[in-house]
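Working notes, structure below.
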Amino acid sequence: MSPKPRTPTLAQLRAFLAVAEHRHFREAAAAGGTSQPALSGAVAALEETLGAQLVERTTRRVIITPLGERVADHARRVLSALHALTEEVEAARRPFTGPLHLGVIPTVAPYLLPTVLRLVRSSYPELELHVHEERTPALLAGLAAGRLDVLLLALPSGGASPTRDIPLFDEDFVLVTPPEHELAGRVDVPRDVLLDLDVLLLEEGHCLRDQALDLCREVGADGSGGSTRAAGLSTLVQLVAGGLGVTLLPATALDVEAGRTDRLAAVRFADPAPGRRIGLATRPGSARTPEYERFAAALREVLVELPVRIVP
């Protein structure tokens with residue numbers, strides 16, 4: 001009789017899935033709040049349990065084997081099902097209590113989180129909110145795997161796994177230039193002014209970069225942004241202040257970022273101005289859907305103080 005196969009532990013599956021998502025042991029350990037040796041040990045233990053190599057380790061990067069990719073898919077389903085079980089029990093026990101893992105994109109987090117956190121403190125004191133700032137692909141993967149409960153991001157979310165999107169508001173994009181620029185301070189400028197401008201962009205992985213590129217392509221501009229890239233909006237506006245070009249900011253970011261320097265000027269587009277829609281994304285069929293709907297309604301009420309158009 002062949003020996004009975006051993007069953008992987010949930011900790012091993014979580015560790016391996018983190019590595020599969022980040023393709024980097026140090027980044028996966030940091031995202032999971034654990035040490036790199038502990039994470040590496042858990043992945044090695046999973047490989048021993050399954051009797052198969054799941055990860056190729058090199059000095060610079062991590063490669064997931066073809067079998068490892070299939071195991072990662074299974075792990076996502078297992079952890080998602082487990083999360084759904086605990087979520088349903090928690091939701092039935094008492095709404096707006098216990099842990100809630102909120103994922104937020106970097107181009108939203110600094111500008112909306114103060115309002116979100118005030119709402120949670122005042123209205124949901126028993127909710128244990130955990131905030132995860134990550135780019136859209138990582139957020140969507142975390143939602144599908146059950147690592148995250150709800151996301152605050154640009155809609156449509158556009159992930160490989162289905163999501164239930166709850167719109168909150170629309171906001172305009174504002175063109176930011178140096179103060180001596182010929183467009184500085186103007187309003188009602190047409191979108192095709194972008195044809196003659198060097199538009200600086202965020203680095204790849206930011207949905208705001210993709211939205212800016214779409215706008216540039218819409219008017220026939222190159223939109224490549226040259227060789228200059230920035231990891232965040234704060235760096236982008238400093239590049240503009242230094243005279244390297246212009247950039248597009250969401251309206252919610254303008255006051256915060258423009259307040260860091262006097263070397264910026266805002267340019268407003270003519271109606272209908274280009275922009276983006278921000279909302280919540282959850283897993284379809286989540287037991288906490290009624291909570292998320294009520295949370296969205298409460299958010300709409302407090303977000304009216306921002307330069308946005310609330311979506312009913």
Side-chain angles (χ1 to χ4, degrees), residues 22 24 26-27 30-31 102-118 129-139 142 151-155 168-181 183-186 193-194 197-216 221 223-269 273-279 303 305-308:
H22 290 271
H24 198 287
R26 186 177 67 251
E27 292 178 4
L102 172 67
V104 191
I105 56 174
T107 58
V108 162
Y111 320 113
L112 266 64
L113 276 181
T115 303
V116 173
L117 296 178
R118 283 196 300 270
L129 185 65
H130 302 268
V131 177
H132 306 259
E133 182 183 9
E134 301 172 20
R135 297 179 189 178
T136 300
L139 291 181
L151 311 180
L152 181 58
L153 76 177
L155 300 180
L168 295 175
F169 64 83
D170 295 323
E171 65 175 326
D172 294 341
F173 288 149
V174 180
L175 185 66
V176 177
T177 72
E180 65 275 8
H181 195 279
L183 293 175
R186 288 183 56 186
V193 298
L194 297 174
L197 300 176
D198 294 322
V199 182
L200 304 177
L201 302 173
L202 292 170
E203 62 187 13
E204 293 184 4
H206 289 278
C207 60
L208 183 58
R209 170 189 170 85
D210 297 330
Q211 293 156 354
L213 283 171
D214 288 343
L215 175 58
C216 290
S224 65
S227 59
T228 301
R229 298 286 186 273
L233 294 183
S234 296
T235 303
L236 266 186
V237 298
Q238 293 302 323
L239 295 174
V240 173
L244 293 187
V246 302
T247 196
L248 293 164
L249 286 185
T252 50
L254 182 62
D255 286 346
V256 174
E257 298 302 340
R260 301 180 192 274
T261 175
D262 59 0
R263 292 285 305 153
L264 294 175
V267 180
R268 305 282 179 171
F269 289 99
R276 64 178 182 175
R277 172 164 290 186
I278 300 297
L303 291 172
E305 64 189 51
L306 300 179
V308 301

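None of these values were measured; they are calculated from a predicted model.
Among the candidates Thr235, Val240, Val246, the single residue satisfying the side chain to side chain contact (heavy atoms under 4.5 Å, CB included) test with Leu200 is Val240. Results of the side chain to side chain contact (heavy atoms under 4.5 Å, CB included) test with Ile278 over Thr252, Leu152, Leu303 single out Leu152 as the only residue that passes.
Pairing each heavy atom of Gly103 with each of Leu139, the nearest pair is CA-CD2, 3.6 Å. Across all non-hydrogen atoms, the minimal contact from Pro179 to Ala265 is CA-CB, 4.0 Å. Scanning all heavy atoms of the two residues, the minimum distance from Ala212 to Leu201 falls at CB-CD2, 3.6 Å. Considering all non-hydrogen atoms of both residues, Ala184 and Pro178 come closest at CB-O, 3.8 Å. Here the closest non-hydrogen pair linking Ala266 and Leu254 is CB-CD2, 4.1 Å. Between Ala253 and Leu233, the shortest heavy-atom distance links the atoms CB-CD1, 4.0 Å.
Taken to the nearest 0.5 Å, the CG atom of Leu236 stands 10.5 Å off from the CD atom of Gln238. With values rounded to the nearest 0.5 angstrom, Arg277 atom CZ is found 13.0 Å from Leu153 atom CG. Leu151 CG to Ile105 CD1: the interatomic distance, rounded to the nearest 0.5 Å, is 10.0 Å. A distance of 12.5 Å separates OH in Tyr111 from CG in Leu306, rounded to the nearest 0.5 Å. Atom CZ in Phe269 sits 4.5 Å away from atom CG in Leu194 (nearest 0.5 Å). To the nearest 0.5 Å, atoms CG (Leu249) and OG1 (Thr107) are separated by 10.0 Å.
In this structure, the side chain of Thr247 does not engage the main chain of Val176 through any donor-acceptor pair within 3.5 Å. Looking at His22, its side chain never comes within 3.5 Å of a backbone N or O of His24 through a donor-acceptor pair. For the pair Glu171 (side chain) and Pro250 (backbone), a donor-acceptor distance under 3.5 Å is absent.
The shortest distance between side-chain heavy atoms of Leu197 and Leu183 falls below 4.5 Å. With contacts defined as side-chain heavy-atom distances shorter than 4.5 Å, the pair Glu257/Val174 does not qualify.
Within 6.0 Å of atom CZ in Arg268, 12 or fewer heavy atoms from other residues, nucleotides or ligands are found, so the atom counts as exposed in its surroundings.
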Determine, stepwise, if the pair Arg276 / Val108 fulfils side chain to side chain contact (heavy atoms under 4.5 Å, CB included).
CA-CA 11 Å; Arg276 64 178 182 175; Val108 162; 3.6 Å; yes
Working for side chain to side chain contact (heavy atoms under 4.5 Å, CB included), residues Val104 and Leu112
CA-CA 9 Å; Val104 191; Leu112 266 64; over 6 Å; no
Run the side chain to side chain contact (heavy atoms under 4.5 Å, CB included) check on Leu248 and Leu175 step by step: do they pass?
CA-CA 5 Å; Leu248 293 164; Leu175 185 66; 4.0 Å; yes
